[in-house]
Amino acid sequence: MCHSTWPAQHRLRSFARNPIRIALAISTAFGCFTYLCEEAWAQSAQDEVTPPKVLTHVDAEYPQSALAKHEHADVVLAVTVDADGHVSKTDVLQSGGADLDEAAIIAVRQWTFVPAKRRGIPAASRIRIPFHFAPPAPPPEWVSAPPDAETTLPSKMAAQQAPAAHRASPTSSKSAQEVSDTEVTVTGRLVAPYRGASDFNIPVGELRNVPRQNATEYLKLAPGILLTNEGGEGHAEQVFLRGFDAREGQDVEFSVDGVPINESGNLHGNGYADTHFIIPELIGSLRVVEGPFDPRQGNYAVAGSANYELGLDRRGLTAKYTAGSWDTQRLLLLWGPSGESTHTFGGAEVYSTQGYGQNRDAQRATAMGQYEGKLGANGSYRITGTAYATHYHSAGVIRQDDYDTGRIGFYDSYSILLHQAVKPGGDASRYSIAADVETRKGNTTYSQQVFVIGRDMRLLEDFTGYLLDTQLPLQSLHAQRGDMIDLHVHELTLGARGASRLTGTALGLEQQLELGYFARGDIVTGTQQRIAAATGYPYMTDTDLTSNLGDVGLYADANLKLLPWLRLQGGVREDLFAFQVNNLCAVQSVAHPSPSTPLDQSCLSQADRGLAREPNQPASTSSIATLPRASMLVGPLEHFSYSLSYGKGVRSVDPSYVTQDVKTPFASVVAYEGGVTYTNTVAGMSFVGRSIFFQTHVDKDLIFNETVGRNVLGVGTTRTGWVGALRVTGTHFDESANLTLVRSTYDDTHLLVAYVPDAVLRSDSVYISELPFSMNRHPVNAMVGAGITYVGPRALPFGQRSDSIFTTDVTGALTWTNFELGLSITNLFGARYRLGEYNYASNWNPPGSGQQPSLVPERQFTAGPPRGIFGHFAINFQGT
Amino acid sequence: MYLRTIQTLFALVCVPACVGTTGGQVIDFDAAAAGPKDANGEFVFDIELTNGTRWNVDLTRATLHVGALYLDDSLPVSGAQNTACILPGAYVAEVTTGLDINLLSNARQHFPSYGHGTTLGVQAAQVWLTHGDVDTIADPNPYPILDVEGTAALGNDVRPFVGQITISNNRSNTTGNFPGAYPICKQRIVSPIPTSVGVQPTGGLLLTIDPRLLFTNVDFGQLARVSDVYVFSDDPTNSNPNSPTYYSQPSANLYGNLKSAGTANGPNLYSFQWDPTL
């Protein structure tokens with residue numbers, strides 16, 4: 001959809017009463033169609049920019065002071081239309097005299113627009129509007145006037161004369177047409193060229209109303225996404241994308257407004273990406289590229305990339321309070337100053353919940369702010385700050401056999417059952433500031449961005465219970481103390497990116513070349529210890545690393561139109577990854593130990609026969625990855641666009657694998673795909689459909705290892721699959737549905753890769769309408785929405801299949817003037833489902849239980865949430 | 001009903017993709033133990049010592065408590081340091097409920113509950129001789145792990161004998177250079193027993209224990225006489241030759257044989273096979 005909830009509802013208010021509004025609505029739908037079509041060839045090949053369209057206008061009055069002169073005059077205004085569709089600035093390019101200039105300015109400042117868009121994203125624009133003033137014509141004969149207009153006819157005529165007098169002012173029947181006879185300069189940001197059918201540029205729009213718990217869940221608007229979370233509300237979601245187990249983002253390049261989210265060097269997973277610092281209501285759009293097809297994609301873009309574009313449509317101050325199941329409460333404040341762009345906003349939230357079942361409580365607070373300012377006529381800058389902190393607990397996994405025997409409940413936690421001193425969970429915080437500037441000079445657009453990110457996390461997880469702490473001969477006698485991992489990561493990231501895009505003409509067609517860079521440096525410290533379940537004390541250090549990591553990448557991307565219906569685009573990217581790692585716990589065993597160095601001491605300072613050495617081991621290396629990407633887009637047939645894409649992606653190595661001067665074992669992906677996109681509009685409804693066949697090969701995949709609590713490097717894998725996606729948008733509704741089928745196999749055995757879903761079906765639907773009654777002469781608008789997810793049985797180790805997942809979330813809201821009252825029900829049918837399922841060895845029989853340990857693989861699961869009911873109330877002040 | 005219909009319809013979309021396997025299978029299986037096939041209530045057999053002495057043994061009672069069984073997919077390399085109680089590699093199958101086994105019966109004695117495992121290959125097995133927690137030194141159960149009774153004869157020297165082995169505080173060993181070199185679990189676990197059981201989706205695990213091998217190189221002539229029977233000592237710390245519970249050669253060898261994992265070529269006290277009739 002093209003509009004946020006309230007603007008849409010305002011628009012609907014008088015929908016049924018006013019034929020002009022009907023025309024507007026239809027034209028808005030047309031606007032939406034155009035907006036969505038930009039994802040496809042037809043639009044992207046011709047013009048990635050949609051100019052603003054007049055939505056409402058106010059006629060200029062012929063000033064009384066000019067009547068005496070009875071003169072004709074022309075006034076030309078340069079008007080800045082913000083991304084929210086309002087006029088923020090006017091300049092007189094051609095004066096018709098002070099009075100007439102003022103009359104034109106007064107009128108045009110009251111106009112509203114469907115904002116200009118780049119690739120579907122609302123953008124500020126500057127347009128040129130000429131006015132022609134002519135003196136009012138003589139009054140018509142009384143006999144020609146309609147009977148009911150007798151008393152007002154003269155004034156009406158005057159009013160009607162004005163729009164007839166200035167040529168740029170559209171008549172009612174044309175009010176929503178493009179300002180086609182004006183010069184349009186869109187001052188929004190550059191967007192990356194469309195890369196083919198797997199390039200999903202997703203305006204969130206009304207679909208934001210579908211219940212979603214966090215920013216990561218917006219990914220479900222893209223096909224093939226399954227999200228699970230065994231770590232708790234403050235733990236990043238595990239992402240499965242088109243046959244990849246991307247864990248917490250290690251195989252997906254995440255960014256927000258271009259600022260990277262992936263954490264290089266994070267011990268829990270190199271590239272760990274926690275998006276919980278993003279307030280969901282501040283997500284304007286999402287670009288998901290499912291594959292490494294864009295030279296702008298860098299490290300971690302193995303399965304693809306996702307960039308959140310922040311924005312707030314609703315102006316004014318909005319307060320929203322949500323409360324519901326499990327003592328969940330959320331207070332959200334949003335503000336968007338009127339007259340500023342949608343990229344100027346602030347937001348803050350405080351959230352707390354006890355969580356469903358045991359040990360799932362969480363608290364968090366988030367603040368985000370962004371300011372967008374103008375740099376001359378062709379530039380803008382943005383400053384963005386974010387702050388986020390959370391403390392949470394997690395239930396962890398449940399053994400299926402324990403659940404079957406009634407030892408533990410479906411939503412319970414072993415940490416409670418076994419009275420463990422420290423419960424699984426964690427803490428996380430993230431603070432960042434970013435600034436960017438984009439400006440255009442001549443036919444070249446320049447952009448620069450810098451960012452600083454500070455990030456801390458602590459994670460307590462236990463996948464195996466009492467399995468790993470076996471008695472070793474050099475240890476003091478002990479029973480199993482517990483396998484809980486206590487992981488700490490502290491990371492400071494500094495970085496920059498920039499690009500220049502040159503636009504020129506060749507072969508009679510517009511051609512583009514972009515050169516860009518990306519650079520980031522990360523200073524990371526990470527430790528992982530084991531916690532004794534009975535006491536909560538750490539008894540062993542697994543890992544203790546300090547790392548300085550560098551990633552500098554350069555790219556060139558050409559966008560060549562060979563024919564009006566044939567485009568070649570692509571280029572190459574080169575990244576240098578530099579690693580300086582100091583392993584502070586490099587020596588964990590000794591070849592010929594002495595009794596004075598028992599293994600109860602984790603990081604030993606002796607190597608062999610008592611010869612001294614320090615326990616640390618520095619190592620450094622660097623490697624260069626060359627990543628070609630190319631796409632061909634063909635669109636000779638109306639409504640259809642065909643694309644072929646190829647690309648190579650890379651994931652840098654976990655610092656724990658770095659050895660001196662040994663080229664880091666990059667995991668490389670090679671991806672191919674062919675797709676077709678269909679766009680059309682019928683009866684005011686726009687359709688965008690896609691069908692994509694793809695294959696990807698990863699030379700070193702990440703395989704989940706429960707003993708270390710994360711994925712570890714494994715063998716090569718290949719994925720082959722198909723994606724179908726459809727989005728249908730009408731005046732009152734928005735529907736997005738997609739289906740992904742994929743087969744993911746190991747290269748050596750050709751057996752299925754465990755845990756990744758073969759089939760994912762997702763539907764998001766929203767319907768909005770005005771109710772047939774009003775209150776206090778203000779209409780009441782209603783919204784209903786639903787999100788449906790089906791995930792087929794996933795392959796598990798040892799020939800097992802998980803249960804399927806089928807969930808339905810629904811929502812509804814009533815809006816009256818500036819108030820909104822809503823209700824959401826998640827997991828409507830109360831399905832008791834296993835969100836994550838695993839098959840590995842664990843033992844939850846603590847020492848002294850009298851039970852022999854379980855040492856063979858057994859089904860484990862994390863419980864998905866039961867039915868939840870949440871109500872919310874929102875109020876907006878001074879909004880537009 | 002409505003929900004089930006929807007789920008069924010959705011499941012149809014999975015059909016094109018949800019095929020194939022990750023390999024292997026997870027199975028639950030019956031597990032049993034028995035004496036040798038020729039066991040029929042008692043065993044009469046000869047024991048030839050290394051010095052050529054040949055005892056004739058009439059074994060009339062032999063019960064063994066097995067706390068758990070484990071099968072592993074890897075066999076530690078001979079000679080390599082193998083000191084941990086838990087084997088390297090992946091455990092393939094397990095039976096974690098204990099059973100008192102009459103070793104003089106060839107009847108299959110079923111473990112109380114099913115075993116659980118996968119169909120991976122097996123190279124090694126472990127027999128856990130414990131009533132309770134393998135790492136807790138004190139055995140919570142007063143009954144012995146092994147209980148034998150019989151008569152040994154060498155010519156006219158006829159010696160009725162009894163023997164009971166417990167593995168508890170009496171086997172705790174804190175001597176040695178390294179604090180954890182002799183954990184109690186090392187005393188309780190017979191490991192690694194070379195075996196190549198092919199775990200199958202059907203059938204069950206059969207553990208055969210030949211009690212005759214408990215007495216390999218046991219010199220009944222060195223047993224101490226207590227009252228009218230000769231008794232195997234269960235006190236390995238007793239080094240007093242004049243004590244009736246002196247831990248002499250036959251006691252040490254009986255315990256040693258009980259703990260012997262054997263060799264790949266056998267014959268071994270413990271032997272595993274996958275029995276399709278179970």
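Naming: A, B, ... by sequence-line order, numbering from 1 per chain.
When each of A:V856, A:T745, A:L751, A:V760 is checked for heavy-atom pairs under 4.5 Å with chain B, A:V856 comes out on top. Listed options B:T21, B:I137, B:T136, B:D133 were ranked by heavy-atom pairs under 4.5 angstrom with chain A; first place goes to B:T21. Of the listed residues (A:E858, A:Q851, A:Q480), the one with the most heavy-atom contacts under 4.5 Å to chain B is A:E858.
Under the 4.5 Å side-chain criterion, counting only non-hydrogen atoms from C-beta, B:W128 is not in contact with B:R188.
The only option from B:Y91, B:Y270, B:Y70 that meets the side-chain hydrogen bond (donor to acceptor under 3.5 Å, both in side chains) definition with B:Q126 turns out to be B:Y91.
Outside the 6.0 Å centre-distance limit, the rings of A:F694 and A:W722 are not counted as a close aromatic pair.
Contact of A:P757 with chain B is not made at all, since no heavy-atom distance falls under 4.5 Å. Only the backbone of B:V92 comes within contact range of chain A, with at least one heavy atom under 4.5 Å from a heavy atom of that chain. Interface residue B:L120: only side-chain heavy atoms are found under 4.5 Å from chain A.
Of the charged side-chain nitrogens involved, none lies within less than 4.0 Å of a carboxylate oxygen, so that A:R859 and A:D402 do not count as a salt-bridged pair.
With 3.5 Å as the limit, one finds no donor-acceptor pair spanning the side chains of A:Y755 and A:E837.
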